[in-house]
Trainee: 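One structure is given below, represented as structure tokens, and several questions about it will come after.
In this chain, numbering begins with 1 at the start of the sequence shown.
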Amino acid sequence: NDYIIENMKKSTIAIISVIFIFVLAMLAMWTFKAMILDREQLFGLYDPQGEFATEKIHYELSYFDWNNLHGAANLLKTQIERGRVPIVTLEPWATDLFSNETILKAIADGKYDSENIAACEKLAAHNSKVIVRWGHEMDLDDSRYPWADQDQAGYVRAFRYFVDNCRSIDKESLMQFMWSPSGEKDASKYWPGKAYVDYIGTSVYSYDLWDEVNLGEKRTFDEVFFPKYWRLKGFDTPILIAEMGVTGDQEYKSEWLSNAVSIAKYYPKLEGYVYFNSMDVLGSWGNDLPVPDWRIEKDALPHSLLIEKGI
């Protein structure tokens, strides 16, 4: 009898322990879910036609060739007056002066210091936070950009050189720097180090025709973003989707974005996303497909996005 009683005690303790662990696990899961669903992820736009000029958004994306910053000062002033944080995509296009060298080597050797310093001075002159996205999508291999030439070490040197120059000018530390690969499998080889990066950006697009030709079906937000996030999250730096777009009719775009907004909350390092409200560049998705049109109408923006992001 003592043996039976002892075994019953052990069994009871084991059952209670299992129940206790289960309850703790459920509490942890509910707490985590509540934290996830309460997270605020900030919304922004690239909106060159000014379709959303009067709406309240957090970020506004722009693009400038660092050889031609005409209009940059006025645009940033306007964005800041609207209460938006500018994200300036600064493109280090080459000039003809150093055509015998790669652009990255020339930058790191100081041969583009005039362009570098002029850009930093303009960006630091607004007495407000500006996110600088220099040399984006360097991990693409389609020869779209001269800085995307598969020279990983050269890119790292040039990125650090640019940031060091800007920090020497920006005494108030108002500029923050975004390292923004497309998120391809070799993206980590271009990582300049956490000391040089305040945000990680990436690009998330679903072009229905390209997807169907190359993959056999359209992709959801999660299908596009998950592998990129997995490659970038290990750098322990806040992530922004610096460019996001979807093609199709307005109803499909609205459904795709609704899914994106709901799924995005489950990516803990993702702090926000910027929608690319424009046509793309001719040839950017190959010469056999039409130029994708990412533009979205106000009425097609998901209702949840309008409420949660304060547009």
Trainee: Using a 4.5 Å cut-off on heavy atoms from C-beta on, say whether the side chain of Gln150 contacts that of Asp141.
Mentor: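 In contact.
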Trainee: His136 versus Trp147: any side-chain heavy-atom pair under 4.5 Å?
Mentor: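 A side-chain contact exists here, since the closest heavy-atom pair is under 4.5 Å.
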Trainee: Hey, could you give me the CG/CG distance between Leu240 and Leu42, rounded to the nearest 0.5 Å?
Mentor: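 These two atoms lie 8.0 Å from each other.
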Trainee: Check the side chains of Ser182 and Asp139 for a donor-acceptor pair under 3.5 angstrom, ignoring hydrogens and angles.
Mentor: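 Their side chains do not contain a donor-acceptor pair, so the 3.5 Å distance test is not met.
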Trainee: For the backbone of Gly154 and the side chain of Lys105, can you confirm whether one donor and one acceptor N or O come within less than 3.5 Å of each other?
Mentor: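 The answer is no, because no donor-acceptor pair under 3.5 Å joins these two groups.
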Trainee: Within the distance-only criterion (no hydrogens, no angle test), does the side chain of Tyr229 pair as donor or acceptor with the backbone N or O of Ile239 below 3.5 angstrom?
Mentor: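 Judged by distance alone, no pair lies under 3.5 Å.
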Trainee: Answer whether the closest heavy-atom distance between the side chains of Lys269 and Leu232 falls below 4.5 Å.
Mentor: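 Side chain of Lys269 against side chain of Leu232, heavy atoms only: no contact under 4.5 Å found.
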Trainee: Does a sphere of radius 6.0 Å around CD in Gln49 hold more than 12 heavy atoms from other residues, nucleotides or ligands, not counting ones at 6.0 Å or beyond?
Mentor: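 Check fails, neighbour count at 12 or below.
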Trainee: Is the count of non-hydrogen atoms from other residues, nucleotides or ligands lying under 6.0 Å from Asn214 atom CG greater than 12?
Mentor: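 Above 12, so yes.
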Trainee: Taking the side chain from Arg231 and the backbone from Gly183, do they hold a donor-acceptor pair closer than 3.5 Å?
Mentor: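 Yes, Arg231 side chain to Gly183 backbone: donor-acceptor pair under 3.5 Å.
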Trainee: Counting the benzene-type ring for Trp, do Trp179 and Phe235 have ring centres under 6.0 Å apart?
Mentor: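 Distance test on ring centres: under 6.0 Å, yes.
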Trainee: Distance-only, no hydrogens or angles: does the Glu121 side chain make a donor-acceptor pair with backbone N or O of Asp170 under 3.5 Å?
Mentor: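 Not at all, since once roles are kept as given, no pair shorter than 3.5 Å links the two residues.
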Trainee: Using only atom types and a distance under 3.5 Å, with no angle test, would you say the side chain of Asp47 pairs donor to acceptor with the backbone of Phe52?
Mentor: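 Yes, because the side chain of Asp47 sits within donor-acceptor range (under 3.5 Å) of the backbone of Phe52.
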Trainee: Any link between Trp230 and Tyr273 through a network of hydrophobic side chains (Ile, Leu, Val, Met, Phe, Trp, Tyr) touching at under 4.5 Å?
Mentor: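 As far as the 4.5 Å side-chain criterion goes, Tyr273 and Trp230 are connected within one cluster.
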Trainee: Roughly how far, to the nearest 0.5 Å, is OG1 of Thr237 from CH2 of Trp191?
Mentor: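 Between atom CH2 of Trp191 and atom OG1 of Thr237 there are 4.0 Å.
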Trainee: Between CD1 of Ile200 and NZ of Lys194, what distance do you get to the nearest 0.5 Å?
Mentor: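 Reported value, rounded in 0.5 Å steps: 9.0 Å.
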Trainee: Step through it carefully: locate the ring centre of Phe159, locate the ring centre of Tyr196, and say whether they are under 6.0 Å apart.
Mentor: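 No, the ring centres sit 6.0 Å or more apart.
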Trainee: If you measure from the Lys or Arg side-chain nitrogens to the Asp or Glu carboxylate oxygens, is any gap between Glu55 and Lys298 under 4.0 Å?
Mentor: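 Yes, this pair counts.
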Trainee: Hey, do the aromatic rings of Tyr63 and Tyr46 have their centres closer than 6.0 Å?
Mentor: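 Yes - the distance between ring centres of Tyr63 and Tyr46 falls below the 6.0 Å cut-off.
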Trainee: Just checking, is any N or O donor in the side chain of Trp294 or Asp280 under 3.5 Å from an acceptor N or O on the other one?
Mentor: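 Distance-only check passes for Trp294 and Asp280.
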Trainee: Establish, yes or no, whether the cationic atom of Lys218 lies under 6.0 Å from the six-membered ring centre of Tyr252 and within 45° of the ring axis.
Mentor: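 Yes, Lys218 and Tyr252 form such a contact.
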Trainee: Check whether any side-chain heavy atom of Gln152 sits under 4.5 Å from a side-chain heavy atom of Tyr190, and report yes or no.
Mentor: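 Result yes, sub-4.5 Å side-chain heavy-atom pair found.
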Trainee: Do Ile169 and Ile107 share a hydrophobic cluster (ILVMFWY, side-chain heavy atoms under 4.5 Å, transitive)?
Mentor: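 No; Ile107 is not reachable from Ile169 via cluster members.
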Trainee: So does Arg219 get a backbone contact from the side chain of Asp211, meaning a donor-acceptor N/O pair under 3.5 Å?
Mentor: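 Yes; judged by distance alone, with no hydrogens or angles, the pair exists.
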Trainee: What I'd like to find out is whether the side chain of Tyr267 reaches to under 4.5 Å of the side chain of Asp222, using heavy atoms alone.
Mentor: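 Heavy-atom side-chain distance check passes, below 4.5 Å.
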Trainee: For the residue pair Arg133 / Thr89, report whether a side-chain donor-acceptor contact shorter than 3.5 Å exists.
Mentor: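 Thr89 vs Arg133: donor-acceptor pair found between side chains.
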Trainee: Over 60° means perpendicular and under 30° means parallel, so classify the ring planes of Trp285 and Trp210, tilted if in between.
Mentor: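 Answer is perpendicular, since the angle exceeds 60°.
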Trainee: Judged by atom type as modelled, is there a donor-acceptor pair below 3.5 Å linking the side chain of Gln41 to the main-chain atoms of Ala264?
Mentor: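 Indeed, once roles are kept as given, a pair shorter than 3.5 Å links the two residues.
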Trainee: Considering all heavy atoms of both residues, which atom of Ala119 and which atom of Leu90 are nearest to each other, and what is their separation?
Mentor: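 Heavy-atom minimum between the residues: CB-CD2, 3.6 Å.
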Trainee: Which atom pair, heavy atoms only, marks the closest approach of Met138 to Gly135?
Mentor: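 Distance-wise, the nearest heavy atoms are CE-O, 3.5 Å.
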Trainee: Does the side chain to side chain contact (heavy atoms under 4.5 Å, CB included) test come out yes or no for Arg84 and Ile57, once each step is laid out?
Mentor: CA-CA 6 Å; Arg84 302 173 178 182; Ile57 59 175; 3.3 Å; yes
Trainee: Please report the closest heavy-atom contact between Pro86 and Ile80, naming both atoms and the distance.
Mentor: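 The pair with the smallest heavy-atom distance is CG-CG1, 3.8 Å.
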Trainee: Should Phe225 and Ile263 be marked as a side chain to side chain contact (heavy atoms under 4.5 Å, CB included) after you check the CA-CA gap, both sets of side-chain angles, and the distance that decides it?
Mentor: CA-CA 10 Å; Phe225 183 54; Ile263 294 295; over 6 Å; no
Trainee: Please say whether more than 12 non-hydrogen atoms of neighbouring residues, nucleotides or ligands are located less than 6.0 Å from CG in Leu215.
Mentor: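 Atom CG in Leu215 is packed in, count exceeds 12.
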Trainee: Search all heavy atoms of Val274 against all heavy atoms of Tyr59 and return the closest pair with its distance.
Mentor: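 Where Val274 meets Tyr59 most closely, the heavy atoms are CG2-CB, 4.2 Å.
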Trainee: Let me check something: any side-chain donor-acceptor pairs from residues 124-131 under 3.5 Å, sequence neighbours excluded? List them with distances.
Mentor:
residue, atom, partner, partner atom, Å
His126, NE2, Lys122, O, 3.4
Lys129, NZ, Gln176, OE1, 3.1
Lys129, NZ, Tyr199, OH, 2.8

Trainee: Are the side chains of Val132 and Cys166 in touch, meaning some heavy atoms are under 4.5 Å apart?
Mentor: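 Counting from C-beta outward, Val132 and Cys166 never come under 4.5 Å.
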Trainee: Would you check, one step at a time, whether the test side chain to side chain contact (heavy atoms under 4.5 Å, CB included) holds for Glu184 with Lys228?
Mentor: CA-CA 7 Å; Glu184 307 307 311; Lys228 295 172 182 267; 3.6 Å; yes
Trainee: Can you see which heavy atom on Asn287 is nearest to which on Gly283, and at what distance?
Mentor: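 Nearest heavy atoms, Asn287 then Gly283: OD1-CA, 4.0 Å.
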Trainee: Please confirm whether the backbone N or O of Leu270 pairs with a side-chain atom of Lys233, one donor and one acceptor, at under 3.5 Å?
Mentor: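 Not a single qualifying donor-acceptor pair exists.
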Trainee: Closest approach of Phe162 and Cys120, non-hydrogen atoms and distance?
Mentor: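 Looks like CE1-SG, 3.9 Å.
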Trainee: Please verify the inter-ring angle class for Trp256 with Phe221; under 30° counts as parallel, over 60° as perpendicular, anything in between as tilted.
Mentor: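 Plane angle over 60°, so perpendicular.
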Trainee: Should Leu123 and Ile117 be counted in the same cluster of Ile, Leu, Val, Met, Phe, Trp and Tyr side chains packed under 4.5 Å apart?
Mentor: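 Cluster IDs for Leu123 and Ile117 differ.
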Trainee: Working to the nearest 0.5 angstrom, can you tell me the gap between Ser62 OG and Leu45 CG?
Mentor: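 One finds 12.5 Å between OG of Ser62 and CG of Leu45.
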Trainee: Considering residues, nucleotides and ligands other than Glu297, do more than 12 of their heavy atoms fall under 6.0 Å from its CD?
Mentor: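 No, the 6.0 Å shell around CD holds no more than 12 heavy atoms from other groups.
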Trainee: Using atom types as modelled and distance alone, determine if a side-chain donor or acceptor of Asn67 lies under 3.5 Å from a backbone N or O of Trp93.
Mentor: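 Yes, Asn67 side chain to Trp93 backbone: donor-acceptor pair under 3.5 Å.
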Trainee: Could you state the interatomic distance from CG (Leu289) to OG (Ser284), rounded to the nearest 0.5 Å?
Mentor: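 Interatomic distance, Leu289 CG to Ser284 OG, rounded to 0.5 Å: 10.0 Å.
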Trainee: Report yes or no: does Thr78 contribute a side-chain atom to a donor-acceptor pair with the main-chain N or O of Asn74 at less than 3.5 Å?
Mentor: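 Yes, because the side chain of Thr78 sits within donor-acceptor range (under 3.5 Å) of the backbone of Asn74.
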Trainee: Is there a chain of hydrophobic side chains (I, L, V, M, F, W, Y, each step under 4.5 Å between heavy atoms) that links Met178 to Val156?
Mentor: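 No, Met178 and Val156 fall in different hydrophobic clusters.
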Trainee: Are Tyr112 and Thr95 close enough, and set up right, to give a side chain to side chain contact (heavy atoms under 4.5 Å, CB included), and what steps lead you there?
Mentor: CA-CA 9 Å; Tyr112 279 83; Thr95 65; 3.3 Å; yes
Trainee: Using a distance-only test with no angle check, is there a side-chain donor-acceptor pair under 3.5 angstrom linking Asp113 and Tyr161?
Mentor: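 Distance-only check passes for Asp113 and Tyr161.
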Trainee: How are the rings of Trp134 and Tyr155 set to each other: parallel, tilted or perpendicular (split at 30° and 60°)?
Mentor: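 Geometry flag for Tyr155 against Trp134: tilted rings.
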Trainee: Can you tell me how far apart CD (Glu243) and OG (Ser180) are? Round to the nearest 0.5 Å.
Mentor: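 So the CD of Glu243 and the OG of Ser180 are separated by 7.0 Å.
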Trainee: If you group Ile, Leu, Val, Met, Phe, Trp and Tyr by side-chain heavy-atom gaps below 4.5 Å, do Leu140 and Val291 land in one group?
Mentor: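 No, it is not one cluster - the side chains of Leu140 and Val291 are not joined through contacts under 4.5 Å.
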